[in-house]
Amino acid sequence: YVKETKITMDNAMDNLLYADALNLALLKEVVMDFLAGNSTASQKTKRGKDYDLSAMSVSELRRKLDEKGLNVDGSREAMIEALTTTNTDESADAKRQRSNADDSLE
């Protein structure tokens, strides 16, 4: 299986979980080597902005909150939630603005 399977960012976690569940040491080693060799890409894949926020220090989170004019007090989780909610709201606003612009062009 190890020789026949090409490990990619899309299937790495599935293969790692499979290897762990069945105690497949060689497959686990191959997947871990792949992830270690591609650590920058693995941090960004399937995690998006939420992961970027959870990887930030508390001071970085406070700085982002301050830039957006939001409350900088609270737990780490509360700060991440505030930023996530704000990002979602901003995305919805941007979509509405694009939709309104498209409607005015017609």
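Heavy-atom basis, side chains included; hydrogens, waters and symmetry copies ignored.
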As an exercise, state the distance from CG of Leu16 to CD1 of Ile7, rounded to the nearest 0.5 Å. 9.5 Å

If only atom types and distance count, is the side chain of Asn38 paired as donor or acceptor with the main-chain N or O of Phe34 below 3.5 Å? yes

Thr5: which residues meet the side-chain hydrogen bond (donor to acceptor under 3.5 Å, both in side chains) condition with it, sequence neighbours left out? none

Are Met9 and Leu17 connected in a single hydrophobic cluster, I mean Ile/Leu/Val/Met/Phe/Trp/Tyr linked by side-chain heavy atoms less than 4.5 Å apart? no

For residues 58-85, which residue pairs qualify under ring pair (Phe, Tyr, Trp, His ring centres under 6.0 Å), counting only residues two or more places apart or in two chains? none

Could you grab the distance from atom CG of Leu22 to atom OH of Tyr1, nearest 0.5 Å is fine? 10.0 Å

Where at least one partner belongs to residues 58-79, residue pairs that pass ring pair (Phe, Tyr, Trp, His ring centres under 6.0 Å), sequence neighbours excluded: none

Residues in side chain to side chain contact (heavy atoms under 4.5 Å, CB included) with Leu70, at least two apart? Leu65, Lys68, Thr86

Please list all pairs meeting ring pair (Phe, Tyr, Trp, His ring centres under 6.0 Å) that have one or both residues in residues 52-79, counting only residues at least two apart or in different chains. none

Minimum heavy-atom distance between Leu27 and Asn15, given as atom pair plus value: CD2-O, 3.8 Å

Could you note down all residue pairs passing side chain to side chain donor-acceptor pair (under 3.5 Å) where residues 17-34 supplies at least one of them, sequence neighbours left out? Asp20-Lys28

Exercise answer: donor-acceptor pairs, residues 73-83 side-chain atoms, under 3.5 Å, sequence neighbours excluded:
{"from": "Ser75", "atom 1": "OG", "to": "Ala78", "atom 2": "N", "distance (Å)": "3.1"}
{"from": "Arg76", "atom 1": "NH1", "to": "Met56", "atom 2": "O", "distance (Å)": "3.0"}
{"from": "Arg76", "atom 1": "NH2", "to": "Ser54", "atom 2": "O", "distance (Å)": "2.7"}
{"from": "Arg76", "atom 1": "NH2", "to": "Met56", "atom 2": "O", "distance (Å)": "2.5"}
{"from": "Glu81", "atom 1": "OE2", "to": "Thr85", "atom 2": "OG1", "distance (Å)": "3.3"}

